[in-house]
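Lettering of chains follows the sequences in order, A, B, ..., and the numbering in each one begins at 1. Note that the structure is predicted; figures quoted are calculated from it, not measured.
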2 protein chains.
Amino acid sequence: MPKSSNSDHKKTTVNPPERREELLAIAAEVFAAQGYNATTVRKIADAAGMLAGSLYYHFDSKESMLDEILSGFLDELWARYDAVLGAGLGPRETLEALVTESFREIDRHLAAVAIYQKESKHLGTRPHFAYLVESQQKFEKAWLGTLERGVAAKVFRADLDVRLTYRFVRDTVWVAASWYRPGGRHSPEEIARQYLSMVLEGIALHDS
Amino acid sequence: MPKSSNSDHKKTTVNPPERREELLAIAAEVFAAQGYNATTVRKIADAAGMLAGSLYYHFDSKESMLDEILSGFLDELWARYDAVLGAGLGPRETLEALVTESFREIDRHLAAVAIYQKESKHLGTRPHFAYLVESQQKFEKAWLGTLERGVAAKVFRADLDVRLTYRFVRDTVWVAASWYRPGGRHSPEEIARQYLSMVLEGIALHDS
DNA sequence: TAACCTACCAAACACTTGTTAGGGAAGGAG
DNA sequence: CTCCTTCCCTAACAAGTGTTTGGTAGGTTA
(Lines give C-alpha, C1' and ligand atoms only; values in the text may rest on other atoms or scores of the structure.)
Protein backbone atom coordinates (compact mmCIF):
# COMPACT_ATOMS: atom_id res chain seq x y z
CA MET A 1 0.00 0.00 0.00
CA PRO A 2 1.69 3.18 -1.19
CA LYS A 3 1.53 5.55 1.72
CA SER A 4 0.35 8.33 -0.52
CA SER A 5 3.78 9.73 0.26
CA ASN A 6 3.09 13.40 -0.22
CA SER A 7 1.90 13.88 3.31
CA ASP A 8 1.30 17.61 3.44
CA HIS A 9 1.35 20.35 0.85
CA LYS A 10 1.24 24.09 1.27
CA LYS A 11 -1.22 25.70 3.62
CA THR A 12 -4.16 24.11 5.32
CA THR A 13 -6.45 24.43 2.34
CA VAL A 14 -9.94 23.33 3.14
CA ASN A 15 -11.19 22.35 -0.30
CA PRO A 16 -8.07 22.19 -2.40
CA PRO A 17 -8.29 19.21 -4.71
CA GLU A 18 -10.12 21.08 -7.39
CA ARG A 19 -7.65 22.71 -9.74
CA ARG A 20 -5.11 20.29 -8.41
CA GLU A 21 -6.76 17.23 -9.90
CA GLU A 22 -7.25 19.11 -13.12
CA LEU A 23 -3.56 19.91 -13.36
CA LEU A 24 -2.64 16.35 -12.45
CA ALA A 25 -4.79 15.04 -15.29
CA ILE A 26 -3.08 17.40 -17.71
CA ALA A 27 0.36 16.46 -16.45
CA ALA A 28 -0.50 12.77 -16.70
CA GLU A 29 -1.48 13.18 -20.32
CA VAL A 30 1.78 14.93 -21.21
CA PHE A 31 3.82 12.43 -19.24
CA ALA A 32 2.10 9.57 -21.04
CA ALA A 33 2.55 11.12 -24.47
CA GLN A 34 6.14 12.29 -24.22
CA GLY A 35 7.61 10.25 -21.41
CA TYR A 36 8.44 11.58 -17.97
CA ASN A 37 11.99 12.68 -18.61
CA ALA A 38 11.21 14.20 -21.97
CA THR A 39 8.42 16.22 -20.42
CA THR A 40 9.51 19.60 -19.15
CA VAL A 41 7.55 21.51 -16.56
CA ARG A 42 7.17 24.24 -19.14
CA LYS A 43 5.32 21.83 -21.45
CA ILE A 44 2.96 20.91 -18.66
CA ALA A 45 2.42 24.55 -17.86
CA ASP A 46 1.78 25.26 -21.54
CA ALA A 47 -0.86 22.56 -21.70
CA ALA A 48 -2.46 24.02 -18.59
CA GLY A 49 -2.35 27.56 -19.94
CA MET A 50 0.03 28.94 -17.37
CA LEU A 51 3.71 29.50 -16.74
CA ALA A 52 6.17 26.98 -15.41
CA GLY A 53 6.76 28.60 -12.05
CA SER A 54 3.06 28.72 -11.31
CA LEU A 55 2.93 24.96 -11.06
CA TYR A 56 4.95 25.21 -7.89
CA TYR A 57 2.10 26.89 -6.13
CA HIS A 58 0.21 23.60 -6.40
CA PHE A 59 3.01 21.05 -6.27
CA ASP A 60 6.33 20.67 -4.54
CA SER A 61 8.17 19.36 -7.57
CA LYS A 62 7.85 17.69 -10.93
CA GLU A 63 8.57 14.37 -9.27
CA SER A 64 5.79 14.84 -6.74
CA MET A 65 3.33 15.18 -9.61
CA LEU A 66 4.46 11.86 -11.01
CA ASP A 67 4.29 10.38 -7.55
CA GLU A 68 0.76 11.54 -6.99
CA ILE A 69 -0.36 10.27 -10.38
CA LEU A 70 1.10 6.82 -9.89
CA SER A 71 0.13 6.31 -6.26
CA GLY A 72 -3.37 7.54 -6.96
CA PHE A 73 -3.72 5.05 -9.76
CA LEU A 74 -2.37 2.19 -7.68
CA ASP A 75 -4.60 3.03 -4.76
CA GLU A 76 -7.69 2.78 -6.89
CA LEU A 77 -6.46 -0.34 -8.66
CA TRP A 78 -5.86 -2.17 -5.43
CA ALA A 79 -9.17 -1.17 -4.00
CA ARG A 80 -10.81 -3.03 -6.86
CA TYR A 81 -8.38 -5.92 -6.93
CA ASP A 82 -8.78 -6.50 -3.20
CA ALA A 83 -12.53 -6.58 -3.62
CA VAL A 84 -12.18 -9.26 -6.28
CA LEU A 85 -9.63 -11.29 -4.34
CA GLY A 86 -11.76 -11.19 -1.20
CA ALA A 87 -14.94 -12.33 -2.91
CA GLY A 88 -14.17 -16.01 -2.56
CA LEU A 89 -14.46 -16.81 -6.25
CA GLY A 90 -13.05 -19.86 -7.96
CA PRO A 91 -9.73 -19.52 -9.82
CA ARG A 92 -11.21 -19.09 -13.27
CA GLU A 93 -13.79 -16.58 -12.09
CA THR A 94 -11.11 -14.71 -10.17
CA LEU A 95 -8.96 -14.48 -13.26
CA GLU A 96 -11.86 -13.29 -15.33
CA ALA A 97 -12.73 -10.64 -12.76
CA LEU A 98 -9.14 -9.46 -12.47
CA VAL A 99 -8.80 -9.12 -16.22
CA THR A 100 -12.06 -7.26 -16.50
CA GLU A 101 -11.18 -4.88 -13.69
CA SER A 102 -7.80 -4.29 -15.33
CA PHE A 103 -9.37 -3.22 -18.59
CA ARG A 104 -11.77 -0.99 -16.72
CA GLU A 105 -8.84 0.60 -14.98
CA ILE A 106 -7.11 1.14 -18.31
CA ASP A 107 -10.27 2.80 -19.52
CA ARG A 108 -10.41 5.15 -16.56
CA HIS A 109 -6.76 5.90 -15.91
CA LEU A 110 -5.25 5.43 -19.33
CA ALA A 111 -2.56 8.03 -18.90
CA ALA A 112 -1.50 6.78 -15.50
CA VAL A 113 -1.32 3.21 -16.76
CA ALA A 114 0.77 4.24 -19.73
CA ILE A 115 3.16 6.12 -17.48
CA TYR A 116 3.36 3.18 -15.11
CA GLN A 117 4.17 0.86 -17.99
CA LYS A 118 6.96 3.02 -19.30
CA GLU A 119 8.56 4.35 -16.15
CA SER A 120 7.89 1.97 -13.29
CA LYS A 121 10.81 -0.26 -14.10
CA HIS A 122 13.60 2.25 -13.66
CA LEU A 123 11.66 4.30 -11.13
CA GLY A 124 11.51 1.27 -8.86
CA THR A 125 15.23 1.58 -8.23
CA ARG A 126 14.76 4.99 -6.62
CA PRO A 127 13.97 4.69 -2.90
CA HIS A 128 11.14 7.18 -3.00
CA PHE A 129 9.27 4.97 -5.46
CA ALA A 130 9.81 1.74 -3.56
CA TYR A 131 6.06 1.32 -3.35
CA LEU A 132 6.08 0.55 -7.05
CA VAL A 133 8.00 -2.67 -6.56
CA GLU A 134 5.95 -3.51 -3.47
CA SER A 135 2.84 -3.19 -5.56
CA GLN A 136 4.36 -5.26 -8.31
CA GLN A 137 5.22 -8.03 -5.86
CA LYS A 138 1.73 -8.02 -4.43
CA PHE A 139 0.47 -8.06 -7.97
CA GLU A 140 2.54 -11.11 -8.84
CA LYS A 141 1.42 -12.87 -5.69
CA ALA A 142 -2.25 -12.36 -6.50
CA TRP A 143 -2.04 -13.47 -10.10
CA LEU A 144 0.39 -16.32 -9.56
CA GLY A 145 -1.70 -17.58 -6.66
CA THR A 146 -4.81 -17.57 -8.77
CA LEU A 147 -3.08 -19.47 -11.55
CA GLU A 148 -1.71 -22.05 -9.14
CA ARG A 149 -5.09 -22.54 -7.56
CA GLY A 150 -6.44 -23.06 -11.04
CA VAL A 151 -3.84 -25.67 -11.87
CA ALA A 152 -4.53 -27.50 -8.62
CA ALA A 153 -8.26 -27.40 -9.32
CA LYS A 154 -7.63 -28.71 -12.82
CA VAL A 155 -9.18 -25.74 -14.56
CA PHE A 156 -5.87 -24.48 -15.93
CA ARG A 157 -3.28 -26.51 -17.81
CA ALA A 158 -0.54 -28.05 -15.71
CA ASP A 159 2.01 -28.49 -18.50
CA LEU A 160 2.97 -24.81 -18.66
CA ASP A 161 5.55 -22.91 -16.66
CA VAL A 162 3.33 -21.02 -14.22
CA ARG A 163 5.60 -18.00 -14.02
CA LEU A 164 5.69 -17.79 -17.80
CA THR A 165 1.93 -18.03 -17.87
CA TYR A 166 1.71 -15.27 -15.31
CA ARG A 167 3.85 -12.92 -17.35
CA PHE A 168 1.94 -13.90 -20.43
CA VAL A 169 -1.44 -13.03 -18.95
CA ARG A 170 -0.20 -9.92 -17.16
CA ASP A 171 1.49 -8.47 -20.23
CA THR A 172 -1.36 -9.42 -22.48
CA VAL A 173 -3.70 -7.32 -20.41
CA TRP A 174 -1.65 -4.29 -19.54
CA VAL A 175 0.08 -3.55 -22.82
CA ALA A 176 -3.35 -2.90 -24.18
CA ALA A 177 -2.88 0.53 -22.64
CA SER A 178 -0.47 1.33 -25.45
CA TRP A 179 -3.15 1.20 -28.12
CA TYR A 180 -6.45 1.47 -26.25
CA ARG A 181 -8.42 4.67 -26.71
CA PRO A 182 -11.50 5.38 -24.59
CA GLY A 183 -14.66 5.71 -26.58
CA GLY A 184 -13.42 3.42 -29.33
CA ARG A 185 -15.20 0.56 -31.04
CA HIS A 186 -14.97 -1.80 -28.11
CA SER A 187 -15.91 -1.19 -24.51
CA PRO A 188 -13.49 -2.31 -21.81
CA GLU A 189 -15.80 -5.18 -20.98
CA GLU A 190 -15.96 -6.30 -24.60
CA ILE A 191 -12.19 -6.22 -24.89
CA ALA A 192 -11.88 -8.14 -21.65
CA ARG A 193 -14.29 -10.76 -22.95
CA GLN A 194 -12.37 -11.31 -26.17
CA TYR A 195 -9.00 -11.27 -24.42
CA LEU A 196 -10.21 -13.80 -21.90
CA SER A 197 -11.53 -15.94 -24.69
CA MET A 198 -8.15 -15.88 -26.41
CA VAL A 199 -6.19 -16.49 -23.25
CA LEU A 200 -8.41 -19.29 -22.01
CA GLU A 201 -9.42 -21.03 -25.22
CA GLY A 202 -6.66 -20.03 -27.62
CA ILE A 203 -6.94 -18.57 -31.07
CA ALA A 204 -6.70 -21.87 -32.91
CA LEU A 205 -9.90 -23.44 -34.17
CA HIS A 206 -10.75 -26.56 -32.21
CA ASP A 207 -13.20 -29.18 -33.34
CA SER A 208 -15.71 -29.60 -30.58
CA MET B 1 13.06 -0.55 -45.35
CA PRO B 2 14.85 2.02 -43.23
CA LYS B 3 17.37 3.64 -45.49
CA SER B 4 20.06 3.25 -42.87
CA SER B 5 19.80 7.02 -42.79
CA ASN B 6 23.26 7.86 -41.59
CA SER B 7 24.71 7.89 -45.07
CA ASP B 8 28.25 9.04 -44.46
CA HIS B 9 30.27 9.69 -41.36
CA LYS B 10 33.66 11.30 -41.06
CA LYS B 11 36.44 10.36 -43.42
CA THR B 12 36.53 7.43 -45.79
CA THR B 13 37.54 4.95 -43.14
CA VAL B 14 38.27 1.56 -44.64
CA ASN B 15 37.67 -0.71 -41.68
CA PRO B 16 35.83 1.43 -39.17
CA PRO B 17 33.02 -0.59 -37.70
CA GLU B 18 35.12 -2.05 -34.98
CA ARG B 19 35.07 0.25 -31.97
CA ARG B 20 31.95 1.74 -33.46
CA GLU B 21 29.84 -1.38 -32.96
CA GLU B 22 31.28 -1.74 -29.50
CA LEU B 23 30.22 1.76 -28.55
CA LEU B 24 26.80 1.26 -30.07
CA ALA B 25 26.28 -1.84 -27.96
CA ILE B 26 27.23 0.09 -24.84
CA ALA B 27 24.97 2.98 -25.75
CA ALA B 28 22.10 0.59 -26.47
CA GLU B 29 22.42 -0.94 -23.04
CA VAL B 30 22.35 2.45 -21.31
CA PHE B 31 19.45 3.64 -23.46
CA ALA B 32 17.52 0.48 -22.63
CA ALA B 33 18.20 0.74 -18.92
CA GLN B 34 17.59 4.42 -18.35
CA GLY B 35 15.49 5.50 -21.30
CA TYR B 36 16.75 7.59 -24.19
CA ASN B 37 15.99 11.02 -22.81
CA ALA B 38 17.22 10.19 -19.34
CA THR B 39 20.50 8.99 -20.80
CA THR B 40 23.13 11.70 -21.08
CA VAL B 41 26.05 11.40 -23.44
CA ARG B 42 28.28 11.63 -20.40
CA LYS B 43 26.72 8.46 -19.00
CA ILE B 44 27.38 6.65 -22.25
CA ALA B 45 30.93 7.93 -22.27
CA ASP B 46 31.37 6.81 -18.66
CA ALA B 47 30.21 3.31 -19.49
CA ALA B 48 32.64 3.29 -22.40
CA GLY B 49 35.51 4.60 -20.29
CA MET B 50 35.96 7.87 -22.13
CA LEU B 51 34.85 11.48 -22.08
CA ALA B 52 31.65 12.82 -23.53
CA GLY B 53 33.22 14.80 -26.34
CA SER B 54 35.15 11.79 -27.58
CA LEU B 55 31.93 10.13 -28.67
CA TYR B 56 31.63 12.77 -31.36
CA TYR B 57 34.64 11.40 -33.10
CA HIS B 58 32.62 8.27 -33.86
CA PHE B 59 29.09 9.64 -34.12
CA ASP B 60 27.44 12.78 -35.38
CA SER B 61 25.04 13.13 -32.48
CA LYS B 62 23.30 11.34 -29.66
CA GLU B 63 20.28 10.94 -31.90
CA SER B 64 22.32 9.31 -34.65
CA MET B 65 23.39 6.63 -32.19
CA LEU B 66 19.77 5.88 -31.41
CA ASP B 67 19.02 5.91 -35.12
CA GLU B 68 21.75 3.44 -35.91
CA ILE B 69 20.71 1.12 -33.10
CA LEU B 70 17.07 1.05 -34.14
CA SER B 71 17.57 0.83 -37.89
CA GLY B 72 20.20 -1.86 -37.45
CA PHE B 73 17.78 -3.89 -35.39
CA LEU B 74 14.93 -3.43 -37.84
CA ASP B 75 17.11 -4.34 -40.80
CA GLU B 76 18.03 -7.65 -39.25
CA LEU B 77 14.51 -8.32 -38.08
CA TRP B 78 13.07 -7.82 -41.53
CA ALA B 79 15.69 -9.96 -43.16
CA ARG B 80 14.43 -12.87 -41.08
CA TYR B 81 10.76 -11.98 -41.32
CA ASP B 82 10.98 -11.70 -45.11
CA ALA B 83 12.60 -15.10 -45.26
CA VAL B 84 9.71 -16.57 -43.29
CA LEU B 85 7.03 -14.77 -45.26
CA GLY B 86 8.55 -15.84 -48.55
CA ALA B 87 8.81 -19.50 -47.65
CA GLY B 88 5.28 -20.32 -48.74
CA LEU B 89 4.20 -21.78 -45.41
CA GLY B 90 0.64 -22.24 -44.26
CA PRO B 91 -0.87 -19.65 -41.92
CA ARG B 92 -0.32 -21.58 -38.72
CA GLU B 93 3.26 -22.47 -39.63
CA THR B 94 3.91 -18.88 -40.66
CA LEU B 95 2.65 -17.62 -37.32
CA GLU B 96 4.78 -20.14 -35.47
CA ALA B 97 7.84 -19.17 -37.44
CA LEU B 98 7.25 -15.45 -36.93
CA VAL B 99 6.85 -15.89 -33.21
CA THR B 100 9.96 -18.01 -32.97
CA GLU B 101 12.01 -15.55 -34.98
CA SER B 102 10.73 -12.75 -32.80
CA PHE B 103 11.92 -14.42 -29.62
CA ARG B 104 15.26 -15.13 -31.25
CA GLU B 105 15.53 -11.48 -32.13
CA ILE B 106 14.73 -10.52 -28.56
CA ASP B 107 17.48 -12.87 -27.46
CA ARG B 108 20.02 -11.30 -29.80
CA HIS B 109 19.08 -7.64 -29.72
CA LEU B 110 17.48 -7.32 -26.32
CA ALA B 111 18.60 -3.75 -25.73
CA ALA B 112 17.47 -2.57 -29.15
CA VAL B 113 14.09 -4.23 -28.73
CA ALA B 114 13.62 -2.65 -25.31
CA ILE B 115 14.46 0.76 -26.71
CA TYR B 116 12.12 0.23 -29.62
CA GLN B 117 9.31 -0.73 -27.26
CA LYS B 118 9.73 2.32 -25.10
CA GLU B 119 10.57 5.02 -27.59
CA SER B 120 9.21 4.09 -31.01
CA LYS B 121 5.79 5.50 -30.29
CA HIS B 122 6.74 9.10 -29.73
CA LEU B 123 9.77 8.88 -31.99
CA GLY B 124 7.51 8.00 -34.88
CA THR B 125 6.13 11.52 -34.87
CA ARG B 126 9.54 12.96 -35.70
CA PRO B 127 10.15 13.02 -39.46
CA HIS B 128 13.63 11.59 -39.21
CA PHE B 129 12.24 8.43 -37.64
CA ALA B 130 9.43 7.98 -40.12
CA TYR B 131 10.85 4.57 -40.99
CA LEU B 132 9.65 3.37 -37.59
CA VAL B 133 6.01 3.79 -38.53
CA GLU B 134 6.65 2.39 -42.01
CA SER B 135 8.10 -0.70 -40.39
CA GLN B 136 5.20 -0.90 -37.99
CA GLN B 137 2.74 -0.76 -40.88
CA LYS B 138 4.57 -3.46 -42.77
CA PHE B 139 4.62 -5.42 -39.55
CA GLU B 140 0.87 -5.12 -39.13
CA LYS B 141 0.31 -6.11 -42.74
CA ALA B 142 2.35 -9.28 -42.38
CA TRP B 143 0.78 -10.42 -39.13
CA LEU B 144 -2.76 -9.39 -39.97
CA GLY B 145 -2.48 -11.06 -43.34
CA THR B 146 -1.32 -14.27 -41.77
CA LEU B 147 -4.17 -14.23 -39.29
CA GLU B 148 -6.73 -13.56 -42.01
CA ARG B 149 -5.35 -16.36 -44.13
CA GLY B 150 -5.69 -18.59 -41.10
CA VAL B 151 -9.29 -17.61 -40.54
CA ALA B 152 -10.09 -18.24 -44.20
CA ALA B 153 -8.38 -21.62 -44.03
CA LYS B 154 -10.31 -22.45 -40.88
CA VAL B 155 -7.24 -22.95 -38.75
CA PHE B 156 -7.89 -19.82 -36.65
CA ARG B 157 -11.14 -18.88 -34.94
CA ALA B 158 -13.46 -16.65 -36.93
CA ASP B 159 -15.42 -15.28 -33.99
CA LEU B 160 -12.69 -12.90 -32.85
CA ASP B 161 -11.93 -9.36 -33.94
CA VAL B 162 -8.90 -9.91 -36.17
CA ARG B 163 -7.31 -6.62 -35.34
CA LEU B 164 -7.70 -7.32 -31.65
CA THR B 165 -6.16 -10.72 -32.16
CA TYR B 166 -3.26 -9.13 -34.01
CA ARG B 167 -2.51 -6.74 -31.20
CA PHE B 168 -2.92 -9.54 -28.71
CA VAL B 169 -0.37 -11.77 -30.42
CA ARG B 170 2.02 -8.96 -31.25
CA ASP B 171 2.06 -7.58 -27.72
CA THR B 172 2.35 -10.89 -25.97
CA VAL B 173 5.44 -11.64 -27.97
CA TRP B 174 7.28 -8.36 -27.83
CA VAL B 175 6.66 -7.30 -24.26
CA ALA B 176 8.64 -10.36 -23.31
CA ALA B 177 11.63 -8.11 -23.91
CA SER B 178 10.81 -6.33 -20.69
CA TRP B 179 11.55 -9.35 -18.54
CA TYR B 180 13.58 -11.70 -20.75
CA ARG B 181 17.24 -12.13 -19.84
CA PRO B 182 19.59 -14.03 -22.17
CA GLY B 183 21.06 -17.12 -20.63
CA GLY B 184 18.10 -17.67 -18.32
CA ARG B 185 16.15 -20.83 -17.60
CA HIS B 186 14.41 -20.95 -20.95
CA SER B 187 15.90 -20.67 -24.41
CA PRO B 188 14.18 -18.40 -26.92
CA GLU B 189 12.88 -21.45 -28.72
CA GLU B 190 11.46 -22.91 -25.52
CA ILE B 191 9.72 -19.65 -24.68
CA ALA B 192 8.37 -19.44 -28.20
CA ARG B 193 7.02 -22.97 -27.91
CA GLN B 194 5.18 -22.27 -24.67
CA TYR B 195 3.90 -18.92 -25.85
CA LEU B 196 2.60 -20.47 -29.04
CA SER B 197 0.94 -23.19 -27.06
CA MET B 198 -0.81 -20.62 -24.88
CA VAL B 199 -1.81 -18.42 -27.78
CA LEU B 200 -3.04 -21.25 -29.94
CA GLU B 201 -4.57 -23.63 -27.40
CA GLY B 202 -5.30 -21.35 -24.47
CA ILE B 203 -4.40 -21.80 -20.85
CA ALA B 204 -7.66 -23.44 -19.81
CA LEU B 205 -7.73 -27.19 -19.46
CA HIS B 206 -9.78 -28.80 -22.21
CA ASP B 207 -11.07 -32.32 -22.12
CA SER B 208 -9.87 -34.05 -25.25
C1' DT C 1 63.49 11.47 -39.42
C1' DA C 2 59.15 13.36 -41.11
C1' DA C 3 54.47 13.22 -42.29
C1' DC C 4 50.13 11.32 -41.23
C1' DC C 5 46.14 9.08 -39.28
C1' DT C 6 43.49 7.23 -35.44
C1' DA C 7 41.33 7.78 -31.11
C1' DC C 8 41.02 10.22 -27.50
C1' DC C 9 41.23 14.46 -23.93
C1' DA C 10 40.50 19.30 -22.05
C1' DA C 11 37.87 23.08 -21.95
C1' DA C 12 34.59 25.64 -23.17
C1' DC C 13 29.98 27.10 -25.80
C1' DA C 14 24.97 28.18 -25.88
C1' DC C 15 21.00 26.45 -24.29
C1' DT C 16 17.59 24.02 -21.45
C1' DT C 17 16.43 22.17 -17.19
C1' DG C 18 13.82 22.25 -12.44
C1' DT C 19 13.16 25.45 -9.01
C1' DT C 20 12.73 29.81 -6.25
C1' DA C 21 11.67 34.59 -4.66
C1' DG C 22 8.92 38.52 -4.78
C1' DG C 23 5.06 40.72 -6.45
C1' DG C 24 0.35 41.63 -7.95
C1' DA C 25 -4.57 41.15 -9.61
C1' DA C 26 -9.12 39.41 -8.19
C1' DG C 27 -12.48 38.62 -4.97
C1' DG C 28 -14.61 37.55 -0.59
C1' DA C 29 -14.88 38.84 4.60
C1' DG C 30 -14.81 42.14 8.27
C1' DC D 1 -12.59 50.80 2.59
C1' DT D 2 -9.17 47.44 4.32
C1' DC D 3 -7.36 42.87 5.08
C1' DC D 4 -6.51 38.38 3.54
C1' DT D 5 -6.40 34.43 0.77
C1' DT D 6 -6.05 32.29 -3.69
C1' DC D 7 -3.78 31.85 -7.86
C1' DC D 8 -0.86 33.20 -11.08
C1' DC D 9 3.20 36.08 -13.33
C1' DT D 10 7.93 38.02 -13.84
C1' DA D 11 12.54 37.25 -13.57
C1' DA D 12 16.08 35.09 -12.34
C1' DC D 13 19.24 31.09 -10.34
C1' DA D 14 22.52 27.10 -10.59
C1' DA D 15 23.11 22.83 -12.51
C1' DG D 16 23.07 19.96 -16.33
C1' DT D 17 22.44 19.37 -21.37
C1' DG D 18 24.35 18.18 -26.32
C1' DT D 19 27.94 19.76 -29.01
C1' DT D 20 32.28 22.07 -30.88
C1' DT D 21 37.02 23.39 -31.17
C1' DG D 22 41.74 22.72 -30.73
C1' DG D 23 45.11 19.86 -29.13
C1' DT D 24 47.96 15.52 -28.41
C1' DA D 25 49.88 10.73 -27.45
C1' DG D 26 50.86 6.71 -30.08
C1' DG D 27 51.19 4.00 -33.85
C1' DT D 28 51.90 3.34 -39.01
C1' DT D 29 53.85 4.58 -43.35
C1' DA D 30 57.51 6.56 -46.27
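Rounded to whole Å, atom P of D:dC7 lies 11 Å from atom CD of A:E22. With rounding to whole Å, B:F59 atom CZ is found 13 Å from C:dA7 atom C1'. For the pair A:Y57 OH and C:dT19 P, the interatomic distance rounds to 18 Å; values are reported in whole Å. Distance CD (A:E18) to P (D:dT5): 19 Å, rounded to an integer number of Å. At whole-Å resolution of the value, CD1 in A:I44 and P in C:dT17 are 12 Å apart. Atom CZ of A:R20 is separated from atom P of D:dC8 by 13 Å (rounded to the nearest Å). Following rounding to the nearest Å, B:R19 (CZ) and C:dC5 (P) show an atom-to-atom distance of 22 Å. Going from atom CG of B:D46 over to atom P of D:dT17 covers 11 Å, rounded to whole Å.
Looking at A:E76 and A:R108, a side-chain N of the basic residue comes within less than 4.0 Å of a carboxylate O on the acidic one, giving a salt bridge. With respect to B:R20 and B:E68, a salt bridge is recorded, a charged nitrogen being found less than 4.0 Å from a carboxylate O. In summary, B:E29 and B:K43 do not engage in a salt bridge, as defined by a charged side-chain N under 4.0 Å from a carboxylate O.
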Expected rows: protein N/O vs nucleotides 19-21 of chain D N/O, under 3.5 Å:
unit_1: D:dT19; atom_1: OP2; unit_2: B:Y56; atom_2: OH; d: 2.4
unit_1: D:dT19; atom_1: OP2; unit_2: B:K62; atom_2: N; d: 2.8
unit_1: D:dT19; atom_1: O5'; unit_2: B:Y56; atom_2: OH; d: 3.2

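Side-chain nitrogen and oxygen atoms of A:H58 include at least one within less than 4.0 Å of the OP1 or OP2 phosphate oxygen of D:dC8.
Ring-centre distance between A:F103 and A:Y180: not below the 6.0 Å cut-off.
A donor and an acceptor atom, one from each side chain of A:Y131 and A:D67, are located under 3.5 Å apart.
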Before giving the answer on salt bridge (charged side-chain N to carboxylate O under 4.0 Å, His left out), spell out for A:E140 and A:R170 the whole-Å C-alpha distance, their side-chain angles and the decisive distance to 0.1 Å. CA-CA 9 Å; A:E140 176 169 345; A:R170 173 199 63 181; 5.7 Å; no
